[in-house]
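Everything on this sheet refers to the single structure shown next.
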Number of protein chains: 2
Amino acid sequence: MDDRPGDQDRDRQGADRIGAPGDARLFSVVTATDLVTQIARQITEAIVTGRLKPGARLTELQLSREFGTSRAPIREAARLLESQGLVVSSPRRGFFVRTLEAEDLRDIYELRIGLELHAASIAIDRIGPADIAGLERQIEKMYTLADQGSFEQQIFEDFTFHRMLCQASGNRRLLRVYDELATEMRCGITLIGKLYDDPHRLAGTHEPILEALKEGDRDRLLAALRYHIAVAQDAVVELFAGTGASTRERGSGS
Amino acid sequence: MDDRPGDQDRDRQGADRIGAPGDARLFSVVTATDLVTQIARQITEAIVTGRLKPGARLTELQLSREFGTSRAPIREAARLLESQGLVVSSPRRGFFVRTLEAEDLRDIYELRIGLELHAASIAIDRIGPADIAGLERQIEKMYTLADQGSFEQQIFEDFTFHRMLCQASGNRRLLRVYDELATEMRCGITLIGKLYDDPHRLAGTHEPILEALKEGDRDRLLAALRYHIAVAQDAVVELFAGTGASTRERGSGS
DNA sequence: TTTTTGCCGATTGTCGACAATTGACATGAT
DNA sequence: ATCATGTCAATTGTCGACAATCGGCAAAAA
């Protein structure tokens, strides 16, 4: 009776050191990801890119026809997405793409402030040169993408920056919570459309954060980060309110 | 085509106002909860009470025999638990009850400090007399349970207090994150056994928090809360290290 | 006309079975 | 003795089908 899992929650991609150290890899790992993962990924993609509108109904039969699978993997993928808050399930009516109210966005950003400030406060004591260099490169990437690059890419790289910050805290659970929030934010942002008029400004607003982090100035770091997120929050909420106060269409009758 | 969910994420129990306002309810609602929910609940219960030891292997067949159902509900329940971090799944080996390392506990409590302090900082501006009264009652309950009451009940009521605090923030997502953390903490605490020598002390340590909250003194509130959680963290981590540095048994051979 | 009742289609909840893959063991070669 | 290979049981991944349940519509009664 073998009763121990192979690896707990190590990164699935981290299949390094196969042979002797320093050998050039001949092949890349090939993973047979199960249908559940693929389906969940595709649905997530459709939601965050806005191809699937909030409130859209998803029936298992329809999805299974579309994916060419049986309903079982669909169900599991849907449950996965439900636990991430991307869809909600009405007991016997099916799944619906999550609708975001203005209140939800407020909650998300409010929580995000607390989370990232805490992460930064921890990270400033633990961060090493490698992490700082990574953050610098990330800002660089954002600048180059500001000239050429889609809106979605810019948002994505912005999220990556903040993710790296959370990662620098060394707290896995904190990072997981950030990831959960990030999906929800993406879900809400894409349906707003253009967010920043000037992409360069988006890239630039990260520099004070990095500066304070480099100098080890906790107060300035927290202030800069709080300001940065609050600005984003105001922009999002305002734009969101402008587009109609809710992603859910009002009921036509009654 | 009807394309709107009946209710988004309102409480399922909240089936009030059936008839005219003020009528006495004749019957209580009867809910036919599906197998997945029941199974997930039972497994969770078994894990947090320690009946299922960390690292224990769970095969679908065994569980389906035990529950008397097919494997489908088992699978979905297991996935649900996995998303909550109570079990981990090795791709084709099955599910294993999550093992907690000392590092995990450190992460959990570290995150908890950030989360609850943020919650308190928000709540202090929004909290009303009703919430404060609720917190007071909760402390009372803890005192009475200190004399008579099981260890698990005391822990449970302690968690309830902190949960109410998070709830007072009015931020649904923050509350959700706390709930996630709470299950993980329960998962780790029960296997340690007795935590506080004096249950009265456990109840008493909450009073400074409530006092500061009542007076609207933010600094004192945060300090009291930080101290309270840090004490708990130290106690847990220390006891945890004492019992063997990890919930996972070391490999016997090798 | 309004309300109640019965029915029906649509959709999920659950099941049993098959196929694919894994890890472990035994066998054979070096 | 050690390593590689082939085989096998165990377990998951996936499928198609059946039954239970729900929401809505139409018909009948008031």
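In what follows, chains are A, B, ... by sequence order, proteins preceding strands, each numbered from 1. No hydrogens, no waters, no symmetry mates; every other heavy atom, side chains included, goes into these values.
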Open item on the list: Run the side chain to side chain donor-acceptor pair (under 3.5 Å) test against Glu180(B) and tell me which residues pass, sequence neighbours left out.
Closed with: none
TODO: Identify, with sequence neighbours excluded, every residue that meets side chain to side chain contact (heavy atoms under 4.5 Å, CB included) alongside Ala78(A).
DONE: Phe95(A)
Task: side chain to side chain donor-acceptor pair (under 3.5 Å) against Ser70(A), all qualifying residues, sequence neighbours excluded - done: none
Task: Contact pattern, 5' to 3', of nucleotides 7-14 of chain C - B, S or - by protein heavy atom under 4.0 Å - done: ----SBBB
Task: Thr37(B): side chain to side chain donor-acceptor pair (under 3.5 Å) partners, not counting sequence neighbours - done: Asp34(B)
Task: Residues that Ser64(B) engages under side chain to side chain contact (heavy atoms under 4.5 Å, CB included), provided they are two or more places apart - done: Leu61(B), Arg71(B), Ile74(B)
